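Nothing here was measured: the structure is a model prediction, and the numbers come from that model. We name chains A, B, ... by the order of the sequence lines, and we start the count at 1 in each one.
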2 protein chains.
Amino acid sequence: MPKRANLSDTLCPVGRSAELLGDRAVLLILRELFFGRRRFEVIAANTALRPQLVSARLKLLVTEGIAERRAYQERPVRHDYWLTDKGKALFEVLYAMRNWAERWAYAPGETGDGHAIRYIHRACGADVGTATICPGCGASLGYGDLKGEPSSVLKAEQIARAG
Amino acid sequence: MPKRANLSDTLCPVGRSAELLGDRAVLLILRELFFGRRRFEVIAANTALRPQLVSARLKLLVTEGIAERRAYQERPVRHDYWLTDKGKALFEVLYAMRNWAERWAYAPGETGDGHAIRYIHRACGADVGTATICPGCGASLGYGDLKGEPSSVLKAEQIARAG
DNA sequence: ACTTGTCACTATGATTATCATAGTTACTAT
DNA sequence: ATAGTAACTATGATAATCATAGTGACAAGT
């Protein structure tokens with residue numbers, strides 16, 4: 001591709017988000033980070049992206065202040081990637097994407113019964129479905145409040161990919 | 001690019017959404033459709049995307065059941081594009097993207113005072129800020145409930161693009 | 001000491017999506 | 001007959017992504 005027009009200089013907030021999020025690799029890597037998978041090889045395996053792409057996008061996420069590269073051990077030095085606050089704030093976007101897909105992107109029965117990923121409100125244990133306000137206790141829901149639980153069919157796929 | 005791996009066959013809902021939404025052109029065109037801009041030339045001008053791209057993505061959105069191509073006049077036949085229910089359901093995603101950018105993607109003072117786009121709850125007139133529940137009346141907010149009002153600086157940019 | 005293994009990448013060459021610019025089709029208006 | 005508009009399509013150049021392979025730094029095992 002030629003040099004894409006840069007959207008960072010538009011004043012439109014959707015345009016600015018699109019500059020970052022309008023990229024499959026970025027979205028998949030963010031998904032991994034939100035699932036707590038922080039290591040390069042794990043991310044590459046789960047997303048099925050080539051290492052150069054993972055490398056390039058992680059660098060981008062770091063320079064954009066969305067992820068942070070940390071050494072998790074010395075000798076040998078090994079690094080992993082953590083979401084910053086700016087990165088964690090993207091949870092609402094990924095959650096909205098998940099909610100849309102749960103409703104619109106599956107054939108009937110494809111996920112077994114119920115959702116491909118169930119989200120549980122840690123504080124009260126309620127299955128929140130696709131809500132942004134806990135149907136059990138009324139609390140508003142953000143990253144950290146929820147625990148994602150893949151359905152058995154999705155879990156099987158993830159194991160196949162990792163293996 | 002070579003044939004990308006297709007994400008539609010993953011069971012992960014974020015992956016399925018990413019297959020569609022992980023594309024700058026798709027996001028920008030959706031933004032236009034949500035703003036009620038339905039005609040090819042208008043979309044192309046506002047997004048600054050080349051007509052082939054607009055054409056290709058609109059076709060994709062139609063085959064995915066997200067947009068619908070309608071004739072708005074005969075003699076000469078002219079078409080425009082409307083969001084379907086499946087498309088309208090993507091509002092939460094775009095709204096989350098806007099909310100994230102309003103908080104994280106601007107330098108201080110860059111939008112004048114306040115947000116780049118203000119959203120007003122049609123029913124009660126309250127400025128909802130970045131909420132998903134109206135702070136004025138407590139109603140939950142979806143597409144159709146809100147009226148987007150670009151700030152003066154953003155409006156100026158849009159006029160410049162269209163002109 | 002030497003092989004094997006792991007992690008986090010980088011290198012190379014092929015493919016193809018997107019770009020910039022221009023052209024097309026089908027009609028209306030003057 | 002000429003000019004204009006809407007909604008595209010065609011062509012050739014450029015660069016992002018692909019598939020496959022390789023690298024560097026270290027650890028563990030024989």
Under 4.5 Å side-chain linkage, directly or through intermediates, the cluster mates of A/I133 | B/I133
A/R70: what forms a salt bridge (Lys or Arg N to Asp or Glu O under 4.0 Å) with it, not counting sequence neighbours?
->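 A/R70 satisfies salt bridge (Lys or Arg N to Asp or Glu O under 4.0 Å) with A/E68 once adjacent residues are dropped.
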Could you list all the side chain to side chain donor-acceptor pair (under 3.5 Å) pairs where at least one residue sits in [range], not counting sequence neighbours?
range	result
residues 138-155 of chain A	A/E149-A/K155
residues 38-53 of chain A	A/E32-A/N46, A/R39-A/Y72
residues 123-133 of chain A	A/R118-A/D127

Tell me the salt bridge (Lys or Arg N to Asp or Glu O under 4.0 Å) pairs involving residues 90-108 of chain A, sequence neighbours left out?
->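 Every pair satisfying salt bridge (Lys or Arg N to Asp or Glu O under 4.0 Å) with a residue in residues 90-108 of chain A: A/R98-A/E102.
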Rounded off to whole Å, could you give me the [atom1]-to-[atom2] distance for the [X] and [N] pair?
X	N	atom1	atom2	result
A/R50	C/dT10	CZ	P	17 Å
A/H79	C/dT6	NE2	C1'	16 Å
B/R24	D/dA16	CZ	P	10 Å
A/Y81	C/dA8	OH	P	8 Å
A/R69	C/dA8	CZ	P	9 Å
B/D80	D/dA7	CG	C1'	12 Å

Can you list the residues that meet the side chain to side chain donor-acceptor pair (under 3.5 Å) rule with B/D23, with sequence neighbours excluded?
->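 B/D23 satisfies side chain to side chain donor-acceptor pair (under 3.5 Å) with B/R57 only.
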Please list, chain by chain and in numerical order, all residues satisfying side chain to side chain donor-acceptor pair (under 3.5 Å) with B/E157, sequence neighbours excluded.
->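 B/E157: side chain to side chain donor-acceptor pair (under 3.5 Å) contacts with A/T10, B/R161.
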For B/D23, which contact category applies under a 4.0 Å heavy-atom criterion: base, sugar-phosphate, or nothing?
->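 Sugar-phosphate contact only.
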Applying ring pair (Phe, Tyr, Trp, His ring centres under 6.0 Å), name anything that partners B/Y119, two or more places apart in sequence or on another chain.
->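 For B/Y119, the residues satisfying ring pair (Phe, Tyr, Trp, His ring centres under 6.0 Å) (neighbours in sequence not counted) are B/Y95.
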Here the residues of residues 29-47 of chain A within 4.0 Å heavy-atom distance, strictly under, of DNA chain C are A/R39, A/F40, A/E41
Between residues 51-63 of chain B and DNA chain C, which residues have a heavy-atom gap below 4.0 Å?
->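 Going residue by residue through residues 51-63 of chain B, the ones with a heavy atom under 4.0 Å of DNA chain C turn out to be B/Q52, B/L53, B/R57.
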Which atom pairs link the protein and nucleotides 26-30 of chain D when you take only N or O atoms and keep those under 3.5 Å?
| residue | atom | partner | partner atom | Å |
| --- | --- | --- | --- | --- |
| D/dA27 | OP1 | A/R75 | O | 3.4 |

Roughly how far, to the nearest 0.5 Å, is SG of B/C134 from CD1 of B/I120?
-> 9.5 Å
Side chains of A/L61 and A/L83: closer than 4.5 Å at any heavy-atom pair?
-> no
